[in-house]
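Any value given below was found using the heavy atoms of this structure, including those in side chains, with hydrogens, waters and symmetry copies removed. Residue numbers start from 1 in every chain, and the chains themselves are labelled A, B, ... in the order their sequence lines are given, proteins ahead of strands.
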There are 4 protein chains.
Amino acid sequence: MAQLQKSIDKRTALLKATLQLVNSGGIQGASMAKIAKAASISPATIYLFFSSKQELLNQLYLSVKSSFTQAAFVNYAEDISLEKRFKTIWHQMVHYKLKHPEEASFLSQCDNTPMIDDQTRQEGLLFLAPLFDLWKEGISKGVIKNSSPYLLYAHSIYPMAFLMNINSKDLCTADENILNESFQMAWDSIKA
Amino acid sequence: MAQLQKSIDKRTALLKATLQLVNSGGIQGASMAKIAKAASISPATIYLFFSSKQELLNQLYLSVKSSFTQAAFVNYAEDISLEKRFKTIWHQMVHYKLKHPEEASFLSQCDNTPMIDDQTRQEGLLFLAPLFDLWKEGISKGVIKNSSPYLLYAHSIYPMAFLMNINSKDLCTADENILNESFQMAWDSIKA
Amino acid sequence: MAQLQKSIDKRTALLKATLQLVNSGGIQGASMAKIAKAASISPATIYLFFSSKQELLNQLYLSVKSSFTQAAFVNYAEDISLEKRFKTIWHQMVHYKLKHPEEASFLSQCDNTPMIDDQTRQEGLLFLAPLFDLWKEGISKGVIKNSSPYLLYAHSIYPMAFLMNINSKDLCTADENILNESFQMAWDSIKA
Amino acid sequence: MAQLQKSIDKRTALLKATLQLVNSGGIQGASMAKIAKAASISPATIYLFFSSKQELLNQLYLSVKSSFTQAAFVNYAEDISLEKRFKTIWHQMVHYKLKHPEEASFLSQCDNTPMIDDQTRQEGLLFLAPLFDLWKEGISKGVIKNSSPYLLYAHSIYPMAFLMNINSKDLCTADENILNESFQMAWDSIKA
DNA sequence: CATGAATGAGATTTCATTCAT
DNA sequence: AATGAATGAAATCTCATTCAT
């Protein structure tokens, strides 16, 4: 049991070290040697947990995506209006990204790199199922535009990434007002 | 004069070669050696035009961004309604991205890589001045929401990138209907 | 007693696994980790039986050489003509190599690798004693050329390896005729 | 011209360094780093001449094989008896191997390693064409056994490798007498 | 006795960049 | 101005071996 725990800890330490290194120097900057050193293990040991750098990054992607969506869908009550439910999810997403800038930045960096497999990306999308269901319900109720979930995502969720980006670069501070404005735009774009 | 022309041609050839290589193998895959070979010059010669790989990529970024925005703002008549002017710009942007997938993909890849300097990114935004002016006009006329241009951009232009991404991966075909739906969402999000 | 048997079984499994792995991927391809996995034991356990990879290979060499020569000298009757006795041995050797291509290939691979110690190679030659005795007898009877057994071996036995090699690469099929021709050459080369 | 010469020299130095290292420590022992150091260049520079370690070894194989066969077929007069011509070739081969033990040992090590491609091995065989022609002539004249050249090779040339092996290990000194005996065996095995 | 976990050392290969010409 | 040659440094990954349990 102690052994298993140690193993899990090491895996976690590896994922964490990778996250930080990608954050500070990009995917290129996160070399296996640096990751190993940051996790206080030998480079060779990484390969006991992940068969390649690609797999390490893909696993990290899924891990972060999972953590992100879990935060997004917490406190999810079905007994309130659809708009309010969407608003809750949206704000929880933003809140997560503001509170975990490393995770947010990592996910952004993954958006357009060939290091993340298409299949892994697909798996990552599955975590969004509750949101997709919400939209489906909204469409059937005539509250949401009858469009592909991809389109709804592109216009109501994807803009967050840009917002976080410029926020982290001090071009624009994501204060309460800004966030409310942004949510309003998101909602306006998808509401029927 | 002939000398100067030859110099410009080489620079152009370098930028083009880089664009294609980044497109087919990611930024990592575009090594200086490959770029040199694709442009039919010596690796050493690259450094007569660009002081480093970073600068080459930054210059390419500005070049593509410029080409993109030029296409976006062509046929720009001031005598039609503001919505129609925005619609024209929006569709011309989409049209450019569909017609120049390499450029579109390159810009996407640049969105979150540390290879592009913040300063260069800023310069790139300047090309969007006409759009920002349009929004300012719209705001003063009460047609556009009174928000930061960053927010307006995040919600009405940035979603395109996602759309192009999934289009290129065959998850969703960007046909006429989809584009119209997407524009509607963009407009709904920013209109007052 | 059961313990001892289990120990012997493991040793045998290790040798077998090594043989197969060397056969399919060369000596380089047979890593200790793969050998362990193929023999269903832990890498660390190998070192309870063999002090190093070198020793494992050397032991395997002796084991295969022993098995090969045992097959060669079976049914060895002293009451027939010397040529017929040699012919029997020769054909039994060929037969063994054709029937056990993994063993044959392994021995070939060992011929010129520094992984096999000179001393072990010497020990391997001892298994050929009956053949050397036969030659000594032949020499004294004036039936065999009065040469060093090394020379006799080089010309009458060693060529088999080449034959098996090209047979396994489909350059030449070792059918009945070919084998008879080859034996005739072997005999012609050493007969007085 | 000076540049070209320097390039050729470096290639030659690389081949030579590889030959020596393979000779002293086996193919495994000849790491690219050691080869580079022995040739007094950077590891990266090797790849300007050979695209991989495999190719380096294959090229070396062809180079040595070519040098070996050139030595074998020098002073080749057509106006003497077929047996004498064969004898000349045979002795020149032996002479080369005795004088160039590193080359001889390298060729032996190549016999059974997967690092040498089948195709390269085939190319290597082409160098033996004059010998194969000689045999063909001998067969048609009824002087040589009517067998496949592979068989003739296996019994008259291949034994040399074994001889050189044990010679280099002081098991048996390849003096004049031994060589004459060995040639006699080679000839007896293939003569009609 | 047996092992899963761990690793230091080293393997091959790549790359952005420089330098002599 | 232009370059082919060259490279130091670093990348990913492997392997024979050990050790705490």
Dot-bracket summary - DNA chain E, pairs being Watson-Crick or G-U whose distances fall under 3.5 Å, with | when paired to another strand: .||||||||||||||||||||
Quick one, which residues of residues 37-50 of chain D touch DNA chain E with a heavy atom under 4.0 Å?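 Those residues whose heavy atoms fall under 4.0 Å from DNA chain E, taken from residues 37-50 of chain D in numerical order, are D:A44, D:Y47.
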Give, for atom CD1 of A:I46 and atom OG of A:S51, the distance between the pair rounded to the nearest 0.5 Å.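 Those atoms lie 12.0 Å apart.
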Can you tell me how far the NZ atom of B:K16 sits from the CG atom of B:D9, to the nearest 0.5 Å?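 One gets 11.5 Å once the value is rounded to the nearest 0.5 Å.
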How would you list all residue pairs meeting side chain to side chain donor-acceptor pair (under 3.5 Å) that involve residues 114-126 of chain B, not counting sequence neighbours?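 Passing the test, one end in residues 114-126 of chain B: B:N58-B:T120.
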Of all nucleotides in DNA chain F that come within under 4.0 Å of a heavy atom of chain D, which is furthest toward the 5' end and which toward the 3' end?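 Going 5' to 3' along DNA chain F, contacts run F:dA5 to F:dG8.
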Who are the side-chain contact (heavy atoms from CB on, under 4.5 Å) partners of [X], not counting sequence neighbours?
| X | result |
| --- | --- |
| D:A33 | D:S31 |
| D:S63 | D:L15 |
| C:Q59 | C:R11, C:F50, C:E55 |
| C:D111 | C:Y158 |

Could you pull out the closest heavy-atom pair between [X] and [Y], with the gap in Å?
| X | Y | value |
| --- | --- | --- |
| C:A30 | C:L21 | CB-CB, 3.8 Å |
| D:F127 | D:S66 | CZ-CB, 3.7 Å |
| A:A36 | A:S42 | CB-C, 3.8 Å |
| D:I116 | D:L57 | CD1-O, 3.9 Å |
| A:G26 | B:P114 | CA-CG, 3.8 Å |
| D:K53 | D:I27 | NZ-O, 3.3 Å |

Just list the side-chain donor-acceptor pairs under 3.5 Å for residues 103-110 of chain B, sequence neighbours left out, or say none.
{"unit_1": "B:S105", "atom_1": "OG", "unit_2": "B:N23", "atom_2": "ND2", "d": "3.1"}
{"unit_1": "B:S108", "atom_1": "OG", "unit_2": "B:A104", "atom_2": "O", "d": "3.4"}
{"unit_1": "B:Q109", "atom_1": "NE2", "unit_2": "B:V22", "atom_2": "O", "d": "3.3"}

Students often get this wrong, so: under 4.0 angstrom with heavy atoms, is B:S7 touching a base, only sugar-phosphate, or nothing?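 Nothing: the residue B:S7, judged by heavy atoms under 4.0 Å, touches no strand.
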Where along residues 22-35 of chain A does a heavy atom fall under 4.0 Å from DNA chain F?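 By residue number: A:S31, A:M32.
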Within residues 107-118 of chain A, find the residues that approach DNA chain F with a heavy atom at under 4.0 Å, and present them sorted by residue number.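 Going residue by residue through residues 107-118 of chain A, none turns out to have a heavy atom under 4.0 Å of DNA chain F.
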Does C:F68 have any ring pair (Phe, Tyr, Trp, His ring centres under 6.0 Å) partners at least two apart in sequence or in another chain, and if so, which?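 For C:F68, the residues satisfying ring pair (Phe, Tyr, Trp, His ring centres under 6.0 Å) (neighbours in sequence not counted) are C:Y96.
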D:L21 CG to E:dA11 C1': how many Å, rounded?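 Rounded to whole Å, this separation is 15 Å.
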